[in-house]
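Nothing here was measured: the structure is a model prediction, and the numbers come from that model. Letters A, B, ... mirror the listed sequences (proteins, then strands); counts begin at 1.
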Protein chains: 2
Amino acid sequence: MTPATERIRPTQGQRTDAMRARLLEATLEIIAEEGWANASTQKICKRAGVSRGAQTHHFPTKDSLLIAAVQEIVARYQRDIDTATSRPDGPDQHLEDVFDFLWGACFEGNLLNSWMEVMVASRTDAVLRPAVRETDQTAVTAMRALGDPYGPGAADLVELTVYLLRGMVVQAGVHLDDENRRKLFEVWKKIAC
Amino acid sequence: MTPATERIRPTQGQRTDAMRARLLEATLEIIAEEGWANASTQKICKRAGVSRGAQTHHFPTKDSLLIAAVQEIVARYQRDIDTATSRPDGPDQHLEDVFDFLWGACFEGNLLNSWMEVMVASRTDAVLRPAVRETDQTAVTAMRALGDPYGPGAADLVELTVYLLRGMVVQAGVHLDDENRRKLFEVWKKIAC
DNA sequence: CAACATACAAACCATCCTGTATGTAAGTTG
DNA sequence: CAACTTACATACAGGATGGTTTGTATGTTG
């Protein structure tokens with residue numbers, strides 16, 4: 001029974017998936033807009049249009065919700081990387097293009113802002129740290145792999161670029177001047193490539 | 001009157017200076033150990049061995065205390081820079097030495113950890129942001145000046161190094177492995193100098 | 001269809017946080 | 001030395017937060 005046409009209320013599994021997705025989306029928005037420290041479960045629930053009871057049902061503790069959010073951030077990042085690598089924009093591109101891709105992935109959207117919030121917070125949060133460490137590890141290795149086709153040492157250059165961009169994105173949260181950062185990044189590309 | 005030998009209780013000015021210094025010191029310790037988000041005035045007072053009344057007397061609002069702490073962080077940083085520049089370790093040193101100095105100032109002590117806490121927090125804190133922006137601006141220009149003796153373009157390289165090290169120090173808060181970072185920094189020095 | 005599990009809403013509670021009195025002792029100054 | 005200001009302690013008020021509990025409606029399953 002239970003034909004799809006007659007079903008008014010979705011199945012339990014669908015409800016769970018949808019609710020978790022809504023809560024995670026709201027969590028990411030709050031982190032991006034108000035910062036990790038101000039991401040209270042109450043705000044998240046209000047943003048998601050959900051009662052606190054619903055949230056505690058799917059994520060019984062705040063930590064569980066935030067850790068899920070951490071993994072979601074990196075999952076989205078990974079998705080960007082995957083699409084970038086699968087699409088061969090030309091059979092013979094230059095390492096410089098990888099740098100430009102990293103720049104783009106860094107400064108469009110606010111994923112990296114959220115990620116820096118998470119990393120800084122995890123330094124003093126023993127519960128968070130293991131989860132962040134693990135996910136960050138995989139993210140960094142995935143980005144290093146972007147450099148592999150360009151000879152030995154390229155992976156190191158990519159990793160350096162990642163740290164540089166992380167420092168820059170924190171800077172961008174305080175200083176609006178984007179021009180200077182872009183200029184500096186050009187300098188960096190010139191000496192690294 | 002009031003000869004110094006007979007004075008049991010210090011003068012008002014001395015008391016104020018000492019109390020402010022104690023509170024700022026405690027604030028920096030708490031930020032370094034527990035993070036900006038967990039730096040409550042209550043914890044700070046307990047750490048300083050001071051009543052909350054004393055704190056509110058000298059810093060009537062939490063923001064005023066934290067902004068004072070922000071400026072203290074950069075003041076200490078500046079002191080490091082000044083002593084480094086005033087001491088000519090040799091009349092003809094290399095730009096590489098500047099990089100090493102920055103590395104040292106970055107990873108010994110936890111000043112930079114605290115500073116990254118502040119910068120990340122100020123992205124979503126409208127009260128904090130102006131103070132952080134201003135103090136960071138002066139700090140960055142001071143560090144750029146370290147490169148000036150080494151020709152045009154050196155200042156840019158120094159600024160790039162600053163951002164790189166900032167990204168690395170956040171990384172260090174999550175991943176303990178210091179060896180990899182040091183190795184990467186050597187790579188960076190090699191291609192930049 | 002009946003027993004059971006799941007999804008969610010609403011209320012409650014203990015804790016912590018910041019700011020604000022209020023009171024007292026000690027410096028400072030006319 | 002008397003008026004005044006400063007330094008500080010204690011206590012309280014109002015708000016926010018995270019976790020728990022209770023109640024109900026709706027799948028799901030034997």
Length of the line joining A/F59:CZ and C/dC8:C1', which is rounded to integer Å: 15 Å

Check: B/R52 side chain, C/dG19 base, donor-acceptor under 3.5 Å: yes

Nucleotide nearest B/S40 (side chain, heavy atoms from C-beta), chosen from D/dG19, C/dT18, C/dA9: C/dT18

Rounded interatomic separation in angstrom, taking CG from B/N38 and P from C/dT18: 11 Å

Spacing of A/H57 atom NE2 relative to C/dA10 atom C1', expressed in whole Å: 16 Å

Rounded distance in Å - CZ (B/R15) to C1' (C/dA25): 10 Å

Sugar-phosphate, base or nothing in reach of A/T56, heavy atoms under 4.0 Å: base

Gap between atoms CD and P, on B/Q42 and D/dC12 respectively (whole Å): 15 Å

Between C1' of D/dT10 and CD of B/Q55, the distance in whole Å: 14 Å

Length of the CD1-P vector between A/I44 and D/dT17, whole Å: 10 Å

Heavy-atom side-chain proximity of B/I30 to B/N38 below 4.5 angstrom: no

Test salt bridge (charged side-chain N to carboxylate O under 4.0 Å, His left out) applied to B/E25 and B/R20, B/R76, B/R47, the passing residue: B/R76

Contact list for residues 158-171 of chain B, test salt bridge (Lys or Arg N to Asp or Glu O under 4.0 Å), sequence neighbours left out: B/D136-B/R166, B/R144-B/E159

Atom-pair distance (CG on A/L65; P on D/dG18), nearest Å: 10 Å

Verdict with supporting geometry, A/F185 and A/W103, ring pair (Phe, Tyr, Trp, His ring centres under 6.0 Å): CA-CA 9 Å; A/F185 193 65; A/W103 172 278; 4.9 Å; yes

